[in-house]
Amino acid sequence: DAKTTQPPSMDCAEGRAANLPCNHSTISGNEYVYWYRQIHSQGPQYIIHGLKNNETNEMASLIITEDRKSSTLILPHATLRDTAVYYCIVRASGAGSYQLTFGKGTKLSVIP
Amino acid sequence: GAVVSQHPSRVICKSGTSVKIECRSLDFQATTMFWYRQFPKKSLMLMATSNEGSKATYEQGVEKDKFLINHASLTLSTLTVTSAHPEDSSFYICSAIQAGRHSTDTQYFGPGTRLTVL
């Protein structure tokens, strides 16, 4: 699976949009971009995933560049409960490719 | 939907004893479950992959005789830490993939189990 690069930490003011970048310049054509987050002392929570097109759900939006070498996770209105470590993971689809490799992620601090 | 539970959430045991951790998919059937370990301020490390009805596949460096994994049904996998020692103290997290889906097979994670070995 392709390696990802994320900034180690970011701050965001409460109520503002949080934009978390991720670089995955070696991504292959059949690899998806997944985002998870982990709040302190809890298991990771699935947020969103995408292949080529931008995606949106009730939690966040995922913007993938046209060349697929980078992506941005957007939390439109950050709250204090969004403070967590956010992981960007690239993974191929299909049986035999289920494994997720967690990097260090980005520690997002939402500030009142 | 896609809820995964773990039991217990916290366990304290004496050195030399064995501890069993359960992972259940509550509202879906899971063909594949995973077990991770996380040390303080570190990222998750995959320990093993468990497929229902077959032997688990362990990652390099993980002792299969120490960390026994059983995936006897489509909703339950267990991790038994045998002869636990203080260095086995960690946060153990399981995840599951929903059976029968043909899209991207998203992993859903349990809340984790904090093991402390005295």
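Reminder, nothing fancy here: chain letters follow the sequence lines and each chain counts from 1.
- Partners of R24(B) under the salt bridge (charged side-chain N to carboxylate O under 4.0 Å, His left out) rule, at least two apart in sequence or in another chain, are E22(B).
- Sequence neighbours left out, the pairs with a member in residues 33-45 of chain B that pass side-chain hydrogen bond (donor to acceptor under 3.5 Å, both in side chains) are Q38(A)-Q38(B), W35(B)-S77(B), Y36(B)-Q107(B).
- Residues F102(A) and L46(B) are not in side-chain contact: their nearest non-hydrogen atoms beyond the backbone lie 4.5 Å or more apart.
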Between side-chain atoms of residues 109-118 of chain B and protein atoms elsewhere (two or more places apart, or another chain), which donor-acceptor pairs fall under 3.5 Å?
unit_1	atom_1	unit_2	atom_2	d
T113(B)	OG1	Q6(B)	NE2	3.1
T113(B)	OG1	P8(B)	O	2.6

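- Atom NE2 of H85(B) has more than 12 heavy atoms from other residues, nucleotides or ligands within 6.0 Å.
- Among all heavy-atom pairs drawn from I93(B) and G43(A), the shortest one is CG2-CA, 4.3 Å.
- Atom CE of M45(B) has 12 or fewer heavy atoms from other residues, nucleotides or ligands within 6.0 Å.
- Other residues, nucleotides and ligands contribute at most 12 non-hydrogen atoms within 6.0 Å of the NZ atom of K69(A).
- Contacts between residues 48-63 of chain B and chain A, defined by a heavy-atom separation under 4.5 Å, are made by T49(B), E59(B).
- Counting heavy atoms from C-beta on, the side chains of Y32(A) and T106(B) never come closer than 4.5 Å.
- The same ILVMFWY cluster, assembled from side-chain heavy atoms under 4.5 Å apart, contains both F28(B) and L100(A).
- No chain of hydrophobic side-chain contacts below 4.5 Å, direct or via other Ile, Leu, Val, Met, Phe, Trp or Tyr residues, connects V81(B) to F91(B).
- Between Y46(A) atom OH and S95(B) atom OG the span is 14.0 Å, to the nearest 0.5 Å.
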